[in-house]
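In what follows, a single structure is set out as structure tokens and then discussed.
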Amino acid sequence: MYKRQVLSKVAGMKPRDLAGLLAARLETLDVVKTVEIAGPGFINLRLDENFWFEQVSIILNAGKSYGDSDMGQGEKVNVEFVSANPTGPLTVGHARGAVIGDALASLLTKVGYDVCREYYINDAGNQVNVLANSAYLRYCEALGEDIGEIPEGLYPGEYLKAVGQALADRDGKKWLGKPEADWLSDVRQFAIDQMMNLIRDDLAAFGVVMDLYSSERALVAAGGVDEVMSVLEAKDLVYTGVLEPPKGKKLEDWEERPQTLFKSKEFGDDVDRPIKKSDGSWTYFAGDMAYHLDKYRRGYNNMINVWGADHGGYIKRMQAAVSAVTDKEGSLDVKICQLVNLMRDGELVKMSKRSGNFITLRSVIDEVGKDVVRFIMLTRKNDASLDFDLVKVLEQSKDNPVFYVQYAHARNCSVLKHAKDEFPSLDLSIETLKGLDLSALNSEGELSLIKALCAWPRLLESAGEAHEPHRIAFYLYDLASELHSLYHKGKLNTRLRFIVRDDQELTQVRMALVKATKIVIASGLEMFGIEPAEEMR
RNA sequence: GCACCCGUAGCUCAAUUGGAUAGAGCACUUGACUACGAAUCAAGAGGUUUCAGGUUCGAGUCCUGACGGGUGCACCA
């Protein structure tokens with residue numbers, strides 16, 4: 001039963017009258033079995049069962065491409081995500097953004113967009129100088145110097161030892177005892193490259209492959225910021241002014257000072273935003289404007305950024321900047337990822353970045369596997385916080401959605417295998433199954449499962465339009481539930497089992513449904529970058 | 001003080017973008033294993049969608065105002 005409400009003030013008719021008119025037309029269609037008008041003008045259609053049987057053949061025929069859509073019409077979309085500072089390995093904090101961005105990119109590809117996965121390397125700010133200094137210390141250490149405690153303000157992480165060693169291997173004692181000005185640039189680039197290799201490896205282990213890594217430093221060096229400044233100046237959107245101090249928040253070192261400002265208020269922001277620091281250098285925001293202009297000029301009118309919750313206050317100014325530099329042609333959607341609370345059996349795992357005591361993404365992947373991490377990260381809306389319990393995610397029970405969905409897929413595989421054992425001569429090839437008369441799939445549970453399968457293409461489109469990949473996770477859970485439910489109908493009534501011992505023909509028809517279900521679950525999981533389980537252990 | 005996000009069953013969360021009687025899981029009660037994997041399934045109970053107004057045929061969803069929670073708030077990125 002499909003429901004569709006038709007609103008029409010345009011027609012100048014009462015909804016019920018209009019519904020009557022439409023109903024009369026709809027009734028003439030072959031696939032429509034019954035039409036009812038309900039309530040204030042709802043039209044309820046009941047489709048002929050043959051329509052549903054045909055859908056199973058359609059799914060089998062389409063295979064993994066079932067649900068592909070041309071909604072995006074090949075339009076280019078840029079999804080920028082992770083973009084972690086190149087100062088250390090990825091942490092669990094980065095995992096959520098990584099999965100949301102990656103799954104969203106896959107989803108948009110599925111519904112017909114031309115998607116670019118992009119990582120913005122923040123390699124121009126002060127923190128990479130801190131990185132360089134930290135790495136330099138480790139370099140000295142590698143050459144036998146006693147460096148003592150890592151000073152406050154530098155990165156204490158052990159992972160930098162390897163960088164120091166690698167630098168020593170490459171350059172020998174070249175930089176030892178030299179002033180910072182001599183080595184900063186070289187050491188910095190070396191350390192950034194090392195860190196990016198580390199991050200790339202972490203992402204690869206997590207199943208994320210970027211199409212493009214963009215360097216802030218390279219962009220600035222190529223004149224990107226000068227370019228965006230001249231664009232803004234041409235539009236008269238830059239001026240020198242004095243900002244008021246924020247109220248209610250005490251800033252001890254506040255001083256009134258003229259600054260170079262961007263008129264972001266004209267584009268919906270709360271205040272105008274500085275684009276130069278007091279020392280005359282560009283702010284991060286200036287670089288970011290240049291970067292978004294660059295993306296736009298590469299053809300990405302549609303930009304999606306995946307950010308952590310702590311950057312929420314940055315959205316308005318970035319959207320204002322995009323509007324300004326693209327003459328409102330470009331659009332920017334920012335997906336904010338709320339915090340992930342890492343737990344172990346109900347207890348919060350404490351982390352502190354200061355002491356270098358953070359949990360790396362790699363260690364979590366090693367402990368529970370990437371598939372589990374990826375799925376759980378998508379079981380909440382991106383803007384809701386999420387508990388990730390290292391113990392519970394491995395439980396094999398229906399409390400654990402990863403298991404529940406994987407189990408449904410494994411169960412399909414198992415049933416198919418058993419069918420083959422039962423009827424060695426049974427032909428289960430797609431070519432044969434899709435040509436069968438499937439009208440025996442007419443029990444309530446079977447029709448219910450078929451309808452759930454048929455919701456897949458539409459679900460993809462609406463999830464893609466809303467930029468909400470988590471909906472796929474909920475759908476897969478529901479679909480798994482349909483399958484488990486149908487399976488258990490066979491417990492009560494042997495005739496309803498997938499495999500009917502004395503009826504090879506019926507079994508074969510049911511295998512068509514099992515295979516169709518397997519296809520949809522598998523393609524959903526694969527969209528999440530998760531390998532469908534053939535069996536559970 | 002300002003901005004953004006959130007507030008839905010005892011708990012954790014959904015809700016097809018404004019549609020019909022607001023849905024799942026956990027926990028609770030009850031039932032189903034000699035047979036395709038019971039790691040599951042079925043049934044029951046559980047609600048003034050934080051509160052108060054407003055918009056309209058119709059609001060969990062939109063607008064206003066409270067209340068409660070989170071995040072951020074020159075010259076960091």
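No hydrogens, no waters, no symmetry mates; every other heavy atom, side chains included, goes into these values. Order of the sequence lines sets the chain letters (A, B, ...), proteins ahead of strands, with each chain counted from 1.
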Exercise. Would you call A/Glu36 and A/Arg46 a salt bridge, using N to O less than 4.0 angstrom?
Worked result: no

In whole angstrom, give the distance that lies between atom [atom1] of [X] and atom [atom2] of [N].
| X | N | atom1 | atom2 | value |
| --- | --- | --- | --- | --- |
| A/Ile315 | B/C73 | CD1 | C1' | 14 Å |
| A/Asp383 | B/A15 | CG | C1' | 15 Å |
| A/Phe474 | B/U12 | CZ | P | 14 Å |
| A/Asn85 | B/A77 | CG | C1' | 6 Å |
| A/Tyr284 | B/C75 | OH | C1' | 17 Å |
| A/Asp387 | B/C13 | CG | C1' | 11 Å |
| A/Arg273 | B/C4 | CZ | C1' | 12 Å |
| A/Glu468 | B/C13 | CD | C1' | 14 Å |

For this session: Could you label the plane-to-plane angle of the A/Tyr314 and A/Tyr284 rings as parallel, tilted or perpendicular, counting under 30° as parallel and over 60° as perpendicular?
Result: tilted

Exercise. What integer number of Å spans the C1' atoms of B/A22 and B/U61?
Worked result: 11 Å

For [N], take OP1 and OP2 only and decide whether either is under 4.0 Å from a side-chain N or O of [X].
| X | N | answer |
| --- | --- | --- |
| A/Lys491 | B/A38 | yes |
| A/Tyr487 | B/A38 | yes |
| A/Tyr404 | B/C41 | yes |
| A/His470 | B/A15 | yes |

Just call it for [X]: base, sugar-phosphate, or nothing, with non-hydrogen atoms closer than 4.0 Å on any strand.
| X | result |
| --- | --- |
| A/Gln259 | base |
| A/Lys316 | sugar-phosphate |
| A/Glu422 | nothing |
| A/Arg380 | sugar-phosphate |
| A/Glu255 | base |

Which nucleotide in [options] has an atom nearest any side-chain atom of [X]:
| X | options | value |
| --- | --- | --- |
| A/Pro246 | B/A77, B/C75, B/A74 | B/A74 |
| A/Arg411 | B/C36, B/A38, B/C73 | B/A38 |
| A/Asp310 | B/U16, B/U71, B/A77 | B/U71 |
| A/His488 | B/A77, B/C41, B/U16 | B/C41 |
| A/Asn122 | B/A42, B/A14, B/A77 | B/A77 |

Exercise. Starting at the 5' end of RNA chain B, which residue's closest nucleotide do you reach first, A/Thr494 or A/Lys277?
Worked result: A/Thr494

Problem set entry | Residue closer to the 5' end of RNA chain B, A/Phe498 versus A/Asp123 (nearest nucleotide) | A/Phe498

For this session: May I ask you to establish whether A/Arg411 and A/Tyr487 are in a cation-pi arrangement, using a distance under 6.0 Å from NZ or CZ to the six-membered ring centre and at most 45° from the ring axis?
Result: yes

For this session: State which residues pass ring pair (Phe, Tyr, Trp, His ring centres under 6.0 Å) with A/His418; sequence neighbours excluded, sorted by chain then number.
Result: none

For this session: Could you tell me which non-hydrogen atom of A/Leu394 sits nearest to which non-hydrogen atom of A/Val372, and how far apart they are?
Result: CD2-CG2, 4.4 Å

Problem set entry | Close side-chain approach of A/Val92 to A/Val340, heavy-atom, < 4.5 Å | no

Exercise. With side chains defined as the heavy atoms from C-beta onward, is the minimum distance between A/Glu422 and A/Thr507 less than 4.5 Å?
Worked result: no

Pairs under 3.5 Å (N/O, protein and nucleotides 24-31 of chain B):
none

Exercise. Paired stems touching RNA chain B, three or more consecutive Watson-Crick or G-U pairs with both distances under 3.5 Å?
Worked result: B:1-7 with B:67-73, B:10-13 with B:23-26, B:28-32 with B:40-44, B:50-54 with B:62-66

Seminar exercise, completed: Per ring pair (Phe, Tyr, Trp, His ring centres under 6.0 Å), A/Tyr119 is matched among A/Tyr291, A/Phe81, A/Tyr213 by A/Tyr213

